[in-house]
Trainee: 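The structure is given below, and queries will be raised subsequently.
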Protein chains: 2
Amino acid sequence: MDPLSSTLSALADPTRRAIIARLAAGEATVNELAAPFDMSLPAVSKHLKVLERAGLISRGRNAQWRPCRLEAAPLKGIADWIERYRDFWTHGFDRLDSYLDELQRNEKSDHE
Amino acid sequence: MDPLSSTLSALADPTRRAIIARLAAGEATVNELAAPFDMSLPAVSKHLKVLERAGLISRGRNAQWRPCRLEAAPLKGIADWIERYRDFWTHGFDRLDSYLDELQRNEKSDHE
DNA sequence: AGGTTAATTAACTTTTTGGTTTATTGCAGC
DNA sequence: GCTGCAATAAACCAAAAAGTTAATTAACCT
């Protein structure tokens, strides 16, 4: 799966977004991350694996704990992607202008 | 499903993102949207339904055609959501600062 | 060594997703 | 009123997602 798709699908789950929000406040262990949820520990462990495979978190090892840390790059990837569409909600999407902008934009970037 | 989750999961598919990119250039019919893909028409029709249910597109009726139009609100929803994490990739994520910022932020907004 | 805690793995279930093919609806134009 | 084209609906299938419980690994502690 392409990076943007895996980032977006990782973030499409509210549990995982809550984990991300928690990690924005600093590192945390698996049990700490699992505490707020009415869900088994293996379920949270799986969510973490999804986030890790998407590159959104990384994990260290400290004795028997695996502290999780938020990683910036994939979030930036999404921010960059969505930036292309900012015109739509700022200038009340004049379609002809957008079309011309888009043509220009496509000359030097991908179409993802 | 909450709005942010359905928006993100709708966008987690490269075919659907390509459709969005195409619609940024202006309205298009289902057949026009389907043309670039090596995929049956019903498959594209389903993708459009996913986008529509997420509010990312709306559809008019013009004789036998259903022109699709890009809608701004859900995209803005994502941009707003991700904005909270901008500190992570701009100022090289000093974790203590982020933590304090986050605490402030949580006092007046949700946790999604 | 034995027990406890942190976390993952395994095996399994259910639901959702993304695609197919075939059939159906709705409109246009001769 | 047929024929043809745009689009959706129906029925089906395979694979992936999200959860469960039970078992396992790994590290610490006394």
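Order of the sequence lines fixes the chain letters, A, B, ..., with proteins taken first and strands second; residue numbering starts at 1 for each chain. This one's a predicted model, so the numbers in the text were calculated from it and none came from an experiment.
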Trainee: Output the residues of residues 35-43 of chain B in contact with DNA chain C, where contact means a heavy atom of the residue under 4.0 Å from an atom of the strand; sort by number or write none.
Mentor: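 Only Met39(B), Ser40(B), Pro42(B), Ala43(B) qualify.
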Trainee: Tell me, please, which residues at least two apart from Arg86(B) pass side-chain contact (heavy atoms from CB on, under 4.5 Å).
Mentor: Glu83(B), Trp89(B), Thr90(B)
Trainee: For Watson-Crick and G-U wobble pairs within 3.5 Å on both distances, what is DNA chain D written in dot-bracket notation, | included for inter-strand pairing?
Mentor: ||||||||||||||||||||||||||||||
Trainee: Are any of Arg61(B)'s side-chain N or O atoms less than 4.0 Å away from OP1 or OP2 of dA6(D)?
Mentor: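 Answer is no, no contact under 4.0 Å.
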Trainee: Provide the closest heavy-atom pair for Ala79(A) versus Ile82(B) in the form atom of the first, atom of the second, distance.
Mentor: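 Heavy atoms of Ala79(A) and Ile82(B) come nearest at N-CD1, 3.8 Å.
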Trainee: For Glu52(A), enumerate each residue passing the salt bridge (charged side-chain N to carboxylate O under 4.0 Å, His left out) test, keeping only those at least two apart in sequence or located in another chain.
Mentor: Arg59(A)
Trainee: Can you measure Trp65(A) atom CH2 to dC28(D) atom P for me and round it to whole angstrom units?
Mentor: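 It is 8 Å, rounded to the nearest whole Å.
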Trainee: Can you get from Leu4(A) to Leu75(B) by hopping between Ile, Leu, Val, Met, Phe, Trp and Tyr side chains that sit under 4.5 Å apart?
Mentor: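 Yes, Leu4(A) connects to Leu75(B) through the hydrophobic network.
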Trainee: Could you tell me which residues satisfy side chain to side chain donor-acceptor pair (under 3.5 Å) with Asn31(B), sequence neighbours excluded, listed by chain and number?
Mentor: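 Applying side chain to side chain donor-acceptor pair (under 3.5 Å) to Asn31(B) gives none.
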Trainee: What is the nucleic acid contact for Thr15(A), judged by heavy atoms within less than 4.0 Å: base, sugar-phosphate only, or nothing?
Mentor: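 Answer is nothing: Thr15(A) stays at 4.0 Å or more from every strand.
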Trainee: How long is the line joining NZ of Lys46(B) and P of dA9(D), in whole Å?
Mentor: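 Rounded to whole Å, this separation is 11 Å.
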Trainee: Looking only at atom types and distance, does a side-chain atom of Asn62(B) sit under 3.5 Å from a main-chain N or O of Trp65(B), one as donor and one as acceptor?
Mentor: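 The answer is no, because no donor-acceptor pair under 3.5 Å joins these two groups.
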Trainee: Where along residues 47-58 of chain A does a heavy atom come under 4.0 Å from DNA chain C, residue by residue in number order?
Mentor: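 Correct list: Lys49(A).
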Trainee: Under 3.5 Å, which donor-acceptor pairs do the side chains of residues 32-48 of chain B form with other protein atoms, sequence neighbours left out?
Mentor:
from	atom 1	to	atom 2	distance (Å)
Glu32(B)	OE1	Thr29(B)	N	2.9
Ser40(B)	OG	Ala43(B)	N	3.4
His47(B)	ND1	Arg16(B)	NH1	3.1

Trainee: According to a hydrophobic-cluster definition based on side-chain heavy atoms being under 4.5 Å apart (Ile, Leu, Val, Met, Phe, Trp, Tyr only), do Leu70(B) and Ile78(A) belong together?
Mentor: yes
Trainee: Give a yes or no on whether the backbone of Pro3(A) and the side-chain of Thr7(A) come within a donor-acceptor separation of less than 3.5 Å.
Mentor: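 Side chain of Thr7(A) to backbone of Pro3(A): a pair is present.
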Trainee: Rounded to whole Å, please give me the gap between CD in Gln64(B) and C1' in dA6(D).
Mentor: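 Checked: the CD to C1' distance equals 6 Å.
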Trainee: Using whole Å, report how far CG of Leu33(B) lies from C1' of dA7(D).
Mentor: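 Rounded to whole Å, this separation is 12 Å.
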Trainee: Give the intermediate values and the outcome of side-chain contact (heavy atoms from CB on, under 4.5 Å) for residues Leu11(A) and Leu56(A).
Mentor: CA-CA 9 Å; Leu11(A) 293 174; Leu56(A) 281 158; 3.8 Å; yes
Trainee: Test side-chain contact (heavy atoms from CB on, under 4.5 Å) on Leu8(A) and Ser5(A); report intermediate values, then the result.
Mentor: CA-CA 5 Å; Leu8(A) 288 165; Ser5(A) 294; 6.0 Å; no
Trainee: Look at Asp13(A) together with Arg17(A) and state whether they make a salt bridge at an N to O cut-off of under 4.0 Å.
Mentor: no
Trainee: Check for me, please, whether Leu23(A) and Val50(A) land in the same ILVMFWY cluster - side-chain distances under 4.5 Å, paths through other members count.
Mentor: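 In one cluster: no.
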Trainee: On DNA chain C, reading 5' to 3', which nucleotide is the first and which the last to sit with an atom under 4.0 Å from a heavy atom of chain B, could you check?
Mentor: dG18(C) to dA28(C)
Trainee: Answer with base, sugar-phosphate or nothing: what part of the nucleic acid does Ser9(A) contact at a heavy-atom distance below 4.0 Å?
Mentor: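 It contacts nothing in the nucleic acid.
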Trainee: Measure from CG on Asp13(A) to C1' on dA16(D) and round the result to the nearest Å.
Mentor: 14 Å
